[in-house]
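One structure is given here, and the rest of the page talks about it.
Both ligands and their constituent atoms are indexed starting at 1 by order of listing.
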Amino acid sequence: MLGLFRSRKSSREHWDQAYARGGPAGVGWYQTQPRISHELIAETGIGREARIIDVGGGASTLVDSLLDAGYQNVTVLDLSPQSITYAKERLGERAGKVTWIEADATTFRFQESVDLWHDRAVFHFLTDAADRQRYIEVLKQTLRPAGHLIISTFGPKAPPKCCNLPVMRYTSESLSQEFGEGFQLQSVREETHMTPTGVPQQFIYCRFRMKEGSGKNSARSGESADR
Ligand SMILES: C[S@@+](CC[C@H](N)C(=O)[O-])C[C@H]1O[C@@H](n2cnc3c(N)ncnc32)[C@H](O)[C@@H]1O
């Protein structure tokens, strides 16, 4: 238990330090426009009142573009308080329209289900199979029946490390295998992201829909804010 606490704490410190070193727009994964994430979210056809969570959203500008597009129910979860502070500072008054959660995505218990779970560059840091299993359990407990999963990871041609940490590199096939039969692949995109120091990183984006009956929260009410 103490070991678990220590490793989580050092992980939080790792991310806080990375953000503090680079600043919110200086970190390797920064995007001015999260274009593909936004397009894939639009593709799902969810309504503007749908519950969206950006898991490991950090200081990402995705939340800004979702608010700009009129989405009313956006949550950002991240391990790093520093990243959340940066995002809130950038948004100013609009930060009050967002739910902010400082937590570990592999252990957090959500009180409400969500219609859409978005993760860019978080799942690929889970190099331990038990952590991936825990993440998928939390996902299944949180996503409403037939909810949407958009996940982006390093692709096979990307470097083996991100932010000085080893990462898993996926194809759409291996990512589909990881999430299992309960998730149906709907759409795949690829992008070469350039870090601020000019290092190319191959990202793949997969949009899944969770099959009815595959989640663990089917009993929850108030579902479906989409078509
Ligand atoms: C590479 S950054 C990506 C940030 C954001 N998704 C983006 O695309 O700009 C990874 C983010 O995940 C967060 N993170 C790492 N492990 C996490 C975990 N187990 N639970 C929640 N957040 C985590 C980090 O603090 C960091 O903000």
Next on the checklist: Determine whether Tyr86 and Trp15 satisfy the following criterion, ring pair (Phe, Tyr, Trp, His ring centres under 6.0 Å), listing intermediate values before the conclusion.
Outcome noted: CA-CA 13 Å; Tyr86 280 143; Trp15 289 107; over 10 Å; no
Between the protein and ligand 1, are there any N or O atom pairs that come within less than 3.5 Å of each other, and if so, what are their names and distances?
from	atom 1	to	atom 2	distance (Å)
ligand 1	6 (N)	Gly56	O	2.8
ligand 1	6 (N)	Arg120	O	2.8
ligand 1	8 (O)	Arg120	NH1	2.6
ligand 1	19 (N)	Asp104	OD1	3.0
ligand 1	20 (N)	Ala105	N	2.8
ligand 1	22 (N)	Leu79	N	3.3
ligand 1	25 (O)	Asp78	OD1	2.6
ligand 1	27 (O)	Tyr19	OH	2.6
ligand 1	27 (O)	Asp78	OD1	3.3
ligand 1	27 (O)	Asp78	OD2	2.7

Next on the checklist: Please check: side-chain N/O of His193 versus main-chain N/O of Gly28, any donor-acceptor pairing under 3.5 Å?
Outcome noted: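 Flag set: sc His193 to bb Gly28 pair under 3.5 Å.
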Checklist entry - Which word best sums up how the rings of Phe183 and Phe208 line up, parallel for under 30°, tilted for 30 to 60°, or perpendicular for over 60°? => result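 Because their plane-to-plane angle is over 60°, the rings of Phe183 and Phe208 count as perpendicular.
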Checklist entry - Can you say whether the rings of Phe110 and Phe108 are parallel (under 30°), tilted (30 to 60°) or perpendicular (over 60°)? => result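 Geometry flag for Phe108 against Phe110: perpendicular rings.
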Item to check | side chain to side chain donor-acceptor pair (under 3.5 Å) partners for Asp64, two or more places apart | outcome: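 Expected list: Arg90.
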Next on the checklist: How long is the straight-line distance from CG of Leu77 back to CD1 of Ile84, given to the nearest 0.5 Å?
Outcome noted: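 That separation rounds to 7.0 Å.
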